[in-house]
Asks: 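Attaching a single structure in structure tokens format; questions to follow.
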Amino acid sequence: MIRYFKGQPTDFVICHSGGSVSASGPGLAFFYWPFRTQIVAVPTQSLEADFVFTELTRDYQDVTLQGQATYRIKDPQLAARLLNFRIDPKTLAYSSDDPEKLGRRVTNLVQVESRAEVAQRTLAEAVREATAYAADVAERLRAAPSLAALGVEVQSVDLRAVRPTPEVAKALEAESREALLRK
């Protein structure tokens with residue numbers, strides 16, 4: 001009847017037994033009664049949220065942003081109070097989709113902040129200055145109260161690709177090619 005649980009070193013484990021917290025800490029290992037114990041495991045390692053979305057530039061051109069936001073849960077007890085990180089001790093699978101929702105929240109905030117940056121630039125500026133405004137987006141997300149309220153810290157926002165629509169890309173290539181031929 002008594003079972004043994006061994007947490008991962010990168011998880012902050014909280015053991016609820018009989019309606020109260022009986023143990024909490026990183027990578028805990030303990031014996032428990034399965035019928036009166038619930039185990040919560042909050043990941044504390046860096047997590048990634050991939051994104052791809054299309055935004056409109058100042059000159060009304062669509063640009064596709066593709067990248068990745070890296071974040072971590074810096075206050076696991078706060079996150080555990082607000083989101084459901086309960087796991088099945090046998091399979092270590094989460095009992096809800098709240099951990100996935102957290103990644104979507106970060107992605108949504110990246111999109112909102114990126115939209116503000118891209119809307120201030122022309123198409124050429126949006127493509128050329130991607131690294132600079134990705135850093136600005138990361139800084140604003142670090143100061144975002146909605147993430148701080150969840151105990152989440154954004155470490156970086158990286159843009160892997162910033163592309164105009166295929167038709168516009170061909171037109172820009174033609175312009176550049178013609179300029180080179182004139183030289």
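Note: hydrogens, waters and symmetry copies are ignored here, and every other heavy atom, side chains too, is used.
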Asks: Can you see which heavy atom on V137 is nearest to which on V110, and at what distance?
Replies: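 Taking every non-hydrogen atom into account, CG1-O, 4.3 Å.
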
Asks: Under a 4.5 Å side-chain heavy-atom rule over Ile, Leu, Val, Met, Phe, Trp and Tyr, are L82 and V106 clustered together?
Replies: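 Yes, one cluster joins them.
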
Asks: Quick one: does R121's side chain get under 4.5 Å of T57's, heavy atoms only?
Replies: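 No, too far: nothing below the 4.5 Å cut-off.
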
Asks: Please evaluate residues T70 and L47 with respect to the criterion side-chain contact (heavy atoms from CB on, under 4.5 Å), reporting the C-alpha separation (whole Å), side-chain torsions for both, the decisive distance (0.1 Å), and the verdict.
Replies: CA-CA 6 Å; T70 305; L47 303 167; over 6 Å; no

Asks: Check the angle between the aromatic planes of F85 and Y94 and answer parallel, tilted or perpendicular using the 30° and 60° thresholds.
Replies: perpendicular

Asks: Is it true that atom OH of Y4 has more than 12 heavy atoms of other residues, nucleotides or ligands lying nearer than 6.0 Å?
Replies: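 Correct, the count exceeds 12.
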
Asks: Of R115, Q111, Q66, which is the lone residue that meets side-chain contact (heavy atoms from CB on, under 4.5 Å) with F53?
Replies: Q111

Asks: Does L78 reach the side chain of L150, with side-chain heavy atoms less than 4.5 Å apart?
Replies: no

Asks: Between L159 and A130, which heavy-atom pair has the shortest distance, and what is it?
Replies: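 For L159 and A130, the tightest heavy-atom pair comes out as CD1-O, 3.6 Å.
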
Asks: Tell me the closest heavy-atom pair linking M1 and F35, and the distance in Å.
Replies: CE-CE1, 3.2 Å

Asks: Please list every donor-acceptor pair under 3.5 Å in which a side-chain atom of residues 6-14 meets a protein atom from a residue at least two apart or in another chain.
Replies:
none

Asks: Are the side chains of E117 and E55 in touch, meaning some heavy atoms are under 4.5 Å apart?
Replies: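 E117 vs E55: side chains apart.
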
Asks: Check for me, please, whether V21 and V40 land in the same ILVMFWY cluster - side-chain distances under 4.5 Å, paths through other members count.
Replies: yes

Asks: Is any side-chain heavy atom of Y71 closer than 4.5 Å to a side-chain heavy atom of L109?
Replies: no

Asks: Apply the test side chain to side chain donor-acceptor pair (under 3.5 Å) to residues D158 and Q68: give CA-CA distance (whole Å), side-chain angles for both, the deciding distance (0.1 Å), then the verdict.
Replies: CA-CA 5 Å; D158 301 310; Q68 183 178 63; over 6 Å; no

Asks: Does V118 reach the side chain of L65, with side-chain heavy atoms less than 4.5 Å apart?
Replies: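 Counting from C-beta outward, V118 and L65 do come under 4.5 Å.
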
Asks: Which heavy atom in T44 sits nearest to a heavy atom in P76, and how many Å separate them?
Replies: CG2-CG, 4.1 Å

Asks: Are E153 and R72 close enough that some pair of their side-chain heavy atoms sits under 4.5 Å apart?
Replies: yes

Asks: Taking all heavy atoms of S22 and all of S17, pick out the closest pair and write down the distance.
Replies: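 Taking S22 first and S17 second, the nearest heavy atoms are OG-CB, 3.7 Å.
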
Asks: Which is it for R160 and D50 under the salt bridge (charged side-chain N to carboxylate O under 4.0 Å, His left out) test, yes or no, and what are the steps along the way?
Replies: CA-CA 10 Å; R160 287 185 233 136; D50 294 324; 3.0 Å; yes

Asks: Where is the tightest heavy-atom contact between I87 and A41, given as atom of each residue plus distance?
Replies: CD1-CB, 3.9 Å

Asks: Between the main-chain N or O of Q155 and the side-chain N or O of R142, is there a donor-acceptor pair closer than 3.5 Å?
Replies: yes

Asks: Test of understanding: clusters of I, L, V, M, F, W, Y form through side-chain heavy atoms closer than 4.5 Å, transitively. Do V52 and V127 belong to the same one?
Replies: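 Per the 4.5 Å side-chain linkage, V52 and V127 are not co-clustered.
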
